[in-house]
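Only this structure's heavy atoms are used, side chains among them; waters, hydrogens and symmetry mates stay out. Note that ligands are numbered from 1 as they come in the structure, with each ligand's atoms numbered from 1 the same way.
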Amino acid sequence: TSAQIGVTGLAVMGRNLARNFARNGYTVAVHNRTVSRTKSLVEEFGHEGDFVAAETAEEFVAALERPRRLVVMVKAGRPTDAVIEEFAPLLEPGDMIIDGGNAHFADTRRRERELRERGIHFVGTGISGGEEGALHGPSIMPGGSKESYESLGPMLEKISAKAADGAPCVTHVGPDGAGHFVKMVHNGIEYADMQLIGEAYQLLRDVAGYTPAQIADIFRTWNTGRLDSYLIEITAEVLSHVDEASGKPFVDVVVDQAEQKGTGRWTVQIALDLGVPVSGIAEAVFARSLSGHAALRDASRGLSGPKPSALGESEAAAFADRVEQALYASKIVSYTQGFHEIAAGSEEYDWDIDLGAVSAIWRGGCIIRAAFLDRIRAAYDAQPGLPSLLSDETFAREIAEAQDDWREVLVAATRQGVPTPGFAAALAYYDALRAPRLPAALTQGQRDFFGAHTYRRVDRDGSFHTLWGGDRSEVSE
Ligand code: 6PG
């Protein structure tokens, strides 16, 4: 038997992905460093389809039809390089190594280049949707060569999630590291979405005085409207869950220090390099990092805040509606920033990424899947060269309608001392972009004053310097 695809690395993601291929009728070679894992996969799930269990790298490679398609599902970083070093010598020109981990796109670019010299296609592929997605259909973001996608595409389309209109949630994102780059920004947006939802929850709790169970119900209602999304749905589940041991809301027994594996942080680091303002995503990363500084938080607990004042029942309901507006408007801003970063990456690395296609494949399978992505797709369909999502008419109108409530929510948050860095950063971004004049002019003046860094004028071309230490006349540089 020859397998059409092979999966090495059978931790939960690899295991579920292998099962997904098998359930879709493909013969799947499976391999893992610890052989017992390979065996247990075939023992437990062998009935789901055709698996070929390989004990060694040689057996694994020999089991694959040519050109070989070899999916690597190991930890990003060194383990990925180790697997490549193990398998590449056994492969032939035309074979494909598909890295389905959360690799840094710069590593992917390096690996792609090195393997290309040996005639091997390296396909860095973002896969989103967690364990369930891997098994039932993830959103898949492959980079790598066009040629490799011709061979892989049909298989990926088969195992991917399908959007509501039936379209498979996979597309050839672009060459070399484009897939992993887009997956990275997906995760950055995921962080921002989660932070905004967290702020909404905190406001509903501390300002409106709702219980976690009541907030779960509010989220369930929101989930029937324009905020309809996987993250809102699971938020309601988490909030309504009661801890069995203590009888308390689950959310009250979890240590409030958020962890991260790094993709959100990369999104911000790369955005800084590319010069793209992703303040909403950055605030989400910083909020997680702040939460983890236990000693700092302990030392600050006695600091004074405003006097708390709870809202009455009818005010609370009206406030909840406002929070929905603030959340939605902030979400538009996060996606605007994320897509700006993708556009900038595409430009920098010559990837020619189709932003509409990216929003289309995020409609199903992935963590940020949401009805909202359909609107983004529609915006790019209507105007493929859209400079910013905020310049889309629909989004601009929706924000215009939401802005009074958005501002009110931030006033309430500030007055009551509830930290809302995500909402605030989003509004500041919006206000800065629409401002006719920014204090950047003053910044330029200061720079020119202390460092003769020069400035440009609104009324004439060229660069200028004022002789600040002298007679303050202007010289042109
Ligand atoms: C996905 C998720 C997945 C993973 C995150 C979690 O798209 O399926 O984004 O990749 O759950 O990396 O990230 P943190 O551990 O950094 O929160």
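Sorted by first and then second residue, the pairs that involve residues 264-284 and meet side chain to side chain donor-acceptor pair (under 3.5 Å), not counting sequence neighbours, are S279-Q337.
Y26 OH: more than 12 foreign heavy atoms inside a 6.0 Å radius.
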Handout entry: Criterion side chain to side chain donor-acceptor pair (under 3.5 Å) on S139 and R369, from CA distance to verdict
Key = CA-CA 9 Å; S139 171; R369 62 184 180 263; over 6 Å; no
Inventory of protein N or O atoms under 3.5 Å from ligand 1 N or O:
from, atom 1, to, atom 2, distance (Å)
ligand 1, 7 (O), S128, OG, 2.4
ligand 1, 7 (O), K183, NZ, 3.3
ligand 1, 8 (O), S128, OG, 3.4
ligand 1, 8 (O), G129, N, 2.9
ligand 1, 8 (O), G130, N, 3.2
ligand 1, 9 (O), N187, OD1, 3.0
ligand 1, 9 (O), N187, ND2, 3.2
ligand 1, 9 (O), E190, OE1, 2.6
ligand 1, 9 (O), E190, OE2, 3.2
ligand 1, 10 (O), N102, ND2, 2.9
ligand 1, 10 (O), K183, NZ, 2.9
ligand 1, 12 (O), N102, ND2, 3.4
ligand 1, 12 (O), N187, ND2, 3.2
ligand 1, 15 (O), K261, N, 3.4
ligand 1, 15 (O), K261, NZ, 3.0
ligand 1, 16 (O), Y191, OH, 2.5
ligand 1, 16 (O), K261, N, 2.7
ligand 1, 17 (O), R288, NH1, 2.8

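Not counting sequence neighbours, D392 has no partner by the side-chain hydrogen bond (donor to acceptor under 3.5 Å, both in side chains) test.
A cation-pi contact, defined as under 6.0 Å to the ring centre and within 45° of the axis, links R288 to Y191.
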Would you give me the side-chain donor-acceptor pairs under 3.5 Å for residues 101-108, sequence neighbours excluded?
from, atom 1, to, atom 2, distance (Å)
N102, OD1, K183, NZ, 2.8
H104, ND1, A106, N, 3.0
T108, OG1, H104, O, 3.4
T108, OG1, H180, ND1, 2.7

